Enquirer: 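So that we are looking at the same thing, I have put the structure below in structure tokens.
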Amino acid sequence: MPMEPRYDHGKTEEKTYRRWEESGYFNPDNLPGERAESFSVIMPPPNANGDLHVGHAVFLTLEDIMVRFARMHGKRALWLPGADHAGFETHVVFDKKMEKEARARGAHYDRAQMSREEVWRATWDFTQHNRTNMEAQIRKLGASCDWSREKFTLDPDIVRGTEETFVRMYRDGLVYRGLRVVNWCPKHRTAFSDLEVKHEERRDPLYYIKYGPLTVATVRPETKFGDTALAVNPHDERYRKYAGKEISAEDILGPITLRVVADDVVDPAFGTGVVKVTPAHDAADFEIWQRHKDEIPGPKIAIDETGRLTALAGPFAGLKAEEAREKVAEVMREKGIIEKTDPGYVHQVTTCYKCGSVLEPIPKSQWFVKMAPLAEKAAEAAEKGELTIIPAHSKSIYLHWLKNIRDWNISRQIAWGIRIPAWFCANCGEPNVEPKIEKGKGEPCAKCGGGLYEQDPDVFDTWFSSAQWPYLALGYPDGRDYKAFYPTDVMETGYDILFFWVARMVMLGLYRTGKLPFRTVYLHGLVRDKDRVKMSKSKGNVVNPLGVAETYGADALRMALVAGSTPGSDIVISEDKIRGYRNFATKLWNIARFIEMNRSAPSAPAAAAGADGVSRRPELAAFAQIKEEAAEHLAHFEFHLAAEKIYHYVWHELADKIVEREKDVLRNGSAAEKAESCTLLETLLLGSLKMLHPFMPFVTEEIYVIFRPGEMLMVAEW
RNA sequence: GCGUCUUUAGCUCAGUGGCAGAGCGUCCCGUUCACAUCGGGAAGGCCGCAGGUUCGAUCCCUGCAAGACGCACCA
């Protein structure tokens with residue numbers, strides 16, 4: 001049957017994927033032949049809260065290339081797919097969806113009107129629906145992952161494993177309950193880890209406020225209702241006489257008395273060299289209090305969880321902190337307490353990475369992971385070279401972070417996630433991680449002897465369970481897959497989650513399994529448009545990978561994402577580039593069509609007849625050279641170099657030179673010459689298809705089956 | 001403040017211690033040919049700047065400049 005004059009990806013991609021999937025070869029257990037060596041990659045589970053975006057297409061392409069290459073090299077290749085419940089991320093997406101739906105009904109959505117169980121159930125349904133949708137999208141891009149092993153991050157065994165890790169870490173002293181000033185978002189009403197905050201530059205007035213004989217410079221006069229002390233540097237001659245003494249002052253709500261403590265963190269050169277200590281609303285001040293607990297009072301809550309001033313603020317109670325600022329300053333000015341105001345002070349504020357709200361530091365008891373011992377081992381693995389990070393410079397970024405690490409707050413005040421398996425005594429509030437608790441009853445409380453408990457309402461930071469994904473998804477500790485495929489070979493993901501995810505997987509993997517979860521980390525960049533602008537929905541410059549795959553074919557998109565993109569640097573993509581690779585698929589199709597027409601022409605002798613003469617042809621040696629170089633590039637994770645080399649060979653060598661040269665032979669040569677020519681071209685074509693298959697799996701498979709009916713390129717030898 | 005990266009053709013990016021590359025764009029020519037989703041050809045570069053190492057540097061080293069990003073409790 002002659003080949004279609006045009007390659008129509010729309011007609012064939014879905015069919016081809018189905019053929020792969022039905023073959024069962026995505027599952028390493030079903031692969032043909034003896035396969036002693038295994039190769040495993042865990043897919044970063046996409047968030048089950050929306051459509052795939054082009055960033056997903058990047059990692060699906062790169063990982064698929066690795067896996068297909070390994071599979072074609074006779075390895076037991078496993079690529080384990082998953083879906084992420086994505087705790088807080090999904091919480092936010094879900095809220096937006098509910099708000100939108102409520103607005104459409106002319107109603108108002110209020111999460112507080114729903115019980116925890118209702119929220120959970122609705123979010124569950126939402127993610128399961130998205131998950132199905134997402135799986136179909138992953139298939140469209142040609143990902144050869146083993147669907148029979150697919151995991152969800154809330155599968156019972158994952159939840160159990162995560163809880164177990166928490167309990168073990170608690171016993172080992174690596175998890176503790178601590179009262180800290182946390183990063184609190186007054187809009188989302190939850191705390192965040194230090195990674196989830198953004199620092200933003202602001203220009204605000206700096207108020208110089210009189211405290212009796214001393215003056216303090218601050219940008220937040222509204223926090224003064226939470227003041228419990230003043231602090232100066234112990235070496236500051238100007239204030240030595242005040243250190244350790246109390247000062248009295250006329251303040252906004254009447255006279256106050258504050259003790260002045262001496263502390264090294266105070267920079268004599270900044271402002272007046274005197275700091276007001278507000279332990280409830282500033283992390284640094286909280287630490288000053290911790291160092292001077294015997295001398296000064298602890299946190300006084302002047303701002304609540306909604307970001308409004310409390311009763312401590314007297315007439316200002318109920319105002320949002322930012323609204324109150326200038327009002328408080330105004331009254332102080334009237335009372336002559338403000339010495340001066342410097343209007344243009346540039347400083348950093350921490351904001352919510354999701355909504356941009358200025359975060360309100362407030363003191364809360366949360367669960368923290370003690371990072372230093374974990375980080376030390378994670379750093380050591382990279383320093384010793386047991387863990388390779390690509391690109392190499394990422395290693396210094398990784399190490400820099402690990403060496404300056406702070407403890408990790410893993411408590412989140414939302415419903416969607418894995419609930420923390422900790423209990424508080426109903427009587428005295430003492431936290432307890434150990435007792436066997438059924439329906440709130442357990443062993444007597446160690447502190448007060450009570451036997452009734454309430455479970456911590458908080459859930460884990462999603463990254464706490466994600467950090468355990470490689471070994472939990474493989475069935476640690478007893479699973480067959482864990483034994484066969486752990487440690488995995490490569491972790492391929494974006495550089496933007498090096499700390500969030502990669503470093504933490506290394507830490508918890510080492511902690512729990514004693515082994516690195518992967519030997520190599522490959523980091524890809526962010527996708528940008530052709531003007532180098534980061535893609536975002538609000539800018540309207542997003543490339544929808546499914547739309548592109550629809551228009552130009554998944555193969556074209558894949559090549560466009562790989563070619564010209566070096567590891568760790570951002571990926572620039574444009575429609576022109578994608579179109580270029582669509583043209584390449586067409587070119588390949590036409591090369592094949594030309595060869596196919598000639599070999600099946602009535603006058604053509606059987607191709608095999610010319611085989612003897614072909615083996616000596618210089619084109620074969622040249623091809624072998626190209627193939628070796630491409631393999632070398634792939635082995636070194638230089639996907640872009642391999643892609644370009646193969647592209648260049650197929651178009652500018654095979655098509656432009658070899659095929660053109662052979663045309664003459666095919667028209668005018670003897671029967672033997674024609675046969676040799678056919679064999680040569682077919683050999684080079686099939687070899688090229690194999691080389692190219694990991695990059696452009698659909699079109700190559702589609703052509704291959706025409707030449708080798710009944711066979712499958714996916715499991716051919718590379 | 002600490003750290004990382006980038007700087008190469010009009011644009012977006014590869015690359016190499018020994019004549020500087022691709023895609024797109026531009027210009028010219030070409031469809032009875034596998035392919036106009038194509039072919040042939042052309043123009044276009046102080047490889048950011050200044051030093052150093054070297055027989056030789058776009059590449060290695062140092063400094064500088066510009067830009068991007070990450071980390072960070074100066075109120």
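Quick note on labels: first sequence line is chain A, next is B, and so on, each numbered from 1. Remember, it's a predicted structure, so these values are computed and weren't measured experimentally.
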Enquirer: Would you measure the distance from the C1' atom in B:rU53 across to the matching atom in B:rC60 and give it in whole Å?
Expert: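 Pairwise C1' distance, B:rU53 against B:rC60, rounds to 8 Å.
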
Enquirer: May I ask which nucleotide in the shown strands pairs with B:rC46, Watson-Crick or G-U wobble, both distances under 3.5 Å?
Expert: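 Partner of B:rC46: none.
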
Enquirer: Does A:Arg582 reach a base, just sugar-phosphate, or nothing at all? Heavy atoms under 4.0 Å.
Expert: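 Base, at least one base heavy atom under 4.0 Å.
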
Enquirer: Is there side-chain contact between A:Ile626 and A:His648, with at least one heavy-atom pair below 4.5 Å?
Expert: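 In short, these two side chains do not touch, never coming nearer than 4.5 Å.
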
Enquirer: Watson-Crick or G-U wobble partner for B:rU4, using a 3.5 Å limit on both distances?
Expert: B:rA68

Enquirer: Rounded to whole Å, how long is the line connecting atom CG of A:Asn590 with atom P of B:rU37?
Expert: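 Value for this atom pair: 11 Å.
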
Enquirer: Less than 4.0 angstrom from a charged side-chain N to a carboxylate O is my criterion; do A:Glu632 and A:Lys645 meet it?
Expert: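 Not counted as a salt bridge, because no side-chain N and carboxylate O are separated by less than 4.0 Å.
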
Enquirer: Looking only at atom C1', what distance separates B:rU6 and B:rA14, rounded to whole Å?
Expert: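 Those two atoms are separated by 14 Å.
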
Enquirer: Of all the nucleotides listed (B:rA34, B:rU4, B:rU37), which has the minimum atom distance to the side chain of A:Glu660?
Expert: B:rA34

Enquirer: Please state how far atom CD in A:Glu4 lies from atom P in B:rU37, giving the value in whole angstrom units.
Expert: 18 Å

Enquirer: Find the distance A:Leu523:CG to B:rU4:C1' and express it as a whole number of Å.
Expert: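 Answer to the nearest Å: 13 Å.
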
Enquirer: How many whole angstroms separate atom CD1 of A:Ile389 from atom C1' of B:rG3?
Expert: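 After rounding, the reported distance stands at 15 Å.
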
Enquirer: When the P atoms of B:rG3 and B:rU62 are considered, how many whole Å apart are they?
Expert: 14 Å

Enquirer: Which heavy-atom pair separates A:Ala321 from A:Arg220 by the least distance, and what is that distance?
Expert: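 Closest approach of A:Ala321 to A:Arg220: CB-NH2, 3.8 Å.
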
Enquirer: May I ask you to decide if A:Thr278's main-chain N or O and A:Asp285's side chain share a donor-acceptor pair within less than 3.5 Å?
Expert: yes

Enquirer: If I take atom NE2 in residue A:His9 and atom C1' in nucleotide B:rU37, what distance separates them, rounded to the nearest angstrom?
Expert: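 That distance rounds to 12 Å.
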
Enquirer: Pick the P atom in B:rG18 and in B:rA57, then give their distance to the nearest Å.
Expert: 11 Å

Enquirer: Using the P atom on both, measure B:rA9 against B:rU58 and round to a whole Å.
Expert: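 Pairwise P distance, B:rA9 against B:rU58, rounds to 15 Å.
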
Enquirer: Check this for me: does any side-chain nitrogen of one of A:Glu662 and A:Lys674 sit under 4.0 Å from a carboxylate oxygen of the other?
Expert: no

Enquirer: On RNA chain B, compare the nucleotides closest to A:His393 and A:His640; which residue's is nearer the 5' end?
Expert: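 Whichever sits nearer the 5' end wins; that is A:His393.
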
Enquirer: Using a cut-off of 4.0 Å on non-hydrogen atoms, how would the nucleic acid contact of A:Ser574 be classed: base, sugar-phosphate, or nothing?
Expert: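 The residue A:Ser574 makes no contact with any strand.
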
Enquirer: Can you tell me how far C1' of B:rA34 sits from CG of A:Leu654, to the nearest Å?
Expert: 12 Å

Enquirer: Would you please classify the geometry between the A:Phe584 ring and the A:Trp651 ring as parallel, tilted or perpendicular, with 30° and 60° separating the classes?
Expert: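 Ring orientation of A:Trp651 relative to A:Phe584: parallel.
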
Enquirer: Work out how far the C1' atom of B:rA22 is from that of B:rU16, and round it to whole angstrom.
Expert: 15 Å

Enquirer: What is the pairing partner of B:rC55, taking Watson-Crick or G-U wobble pairs with both distances under 3.5 Å in any strand?
Expert: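 WC or wobble partner is B:rG18.
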
Enquirer: Taking A:Ser357 for the side chain and A:Leu359 for the main chain, is one N or O donor matched with an acceptor at less than 3.5 Å?
Expert: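 Side chain of A:Ser357 to backbone of A:Leu359, a donor-acceptor pair under 3.5 Å: no, none is there.
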
Enquirer: So A:Ala563, base contact, sugar-phosphate only, or nothing? Heavy-atom distance under 4.0 Å.
Expert: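 The answer is nothing, as A:Ala563 stays clear of every strand by at least 4.0 Å.
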
Enquirer: Could you encode protein contacts along nucleotides 16-25 of chain B as a string, one character per nucleotide from 5' to 3', using B for base contact, S for sugar-phosphate-only contact and - for no contact, with a heavy-atom cut-off of under 4.0 Å?
Expert: -------SS-

Enquirer: For nucleotides 63-75 of chain B, just jot down a letter per nucleotide in 5' to 3' order: B, S or -, based on protein non-hydrogen atoms under 4.0 Å.
Expert: -------BSBBBB

Enquirer: Evaluate the ring planes of A:Phe639 and A:Tyr522, with Trp represented by its six-membered ring, and classify them as parallel (under 30°), tilted (30 to 60°) or perpendicular (over 60°).
Expert: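 Judged by the thresholds at 30° and 60°, the geometry between A:Phe639 and A:Tyr522 is perpendicular.
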
Enquirer: Please determine, for B:rG10, whether a Watson-Crick or G-U wobble partner exists with both distances under 3.5 Å, and give it or none.
Expert: B:rC24

Enquirer: Atom CG of A:Leu526 and atom C1' of B:rC5: how far apart are they, to the nearest Å?
Expert: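 Result: 14 Å.
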
Enquirer: Give the rounded distance in Å between these two atoms: CD of A:Glu629 and P of B:rA14.
Expert: 20 Å

Enquirer: Please classify the nucleic acid contact of A:Ser394 as base, sugar-phosphate, or nothing, using heavy-atom distances under 4.0 Å.
Expert: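 Nothing, no nucleic acid heavy atom in range.
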
Enquirer: Could you check whether any side-chain N or O of A:Asp407 sits under 3.5 Å from a backbone N or O of A:Met371, counting only pairs where one atom can act as donor and the other as acceptor?
Expert: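 Yes; at least one donor-acceptor contact below 3.5 Å.
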
Enquirer: For B:rU37 and B:rC33, measure between their P atoms and round to the nearest Å.
Expert: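 My reading of the P atoms in B:rU37 and B:rC33 gives 15 Å.
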
Enquirer: Decide, yes or no, whether a salt bridge links A:Arg202 with A:Asp204 under the criterion of side-chain N to carboxylate O below 4.0 Å.
Expert: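 No, A:Arg202 and A:Asp204 are not salt-bridged.
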
Enquirer: Could you give the distance separating B:rG25 and B:rC38 at their P atoms, to the nearest angstrom?
Expert: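 About 10 Å, rounded to a whole number of Å.
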
Enquirer: Does A:Lys587 place a side-chain N or O at less than 4.0 Å from the phosphate oxygens OP1/OP2 of B:rG39?
Expert: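 Yes, because at least one side-chain N or O of A:Lys587 sits under 4.0 Å from OP1 or OP2 of B:rG39.
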
Enquirer: Does anything in residues 548-564 of chain A form a salt bridge (charged side-chain N to carboxylate O under 4.0 Å, His left out)? List the pairs, not counting sequence neighbours.
Expert: A:Asp64-A:Arg558

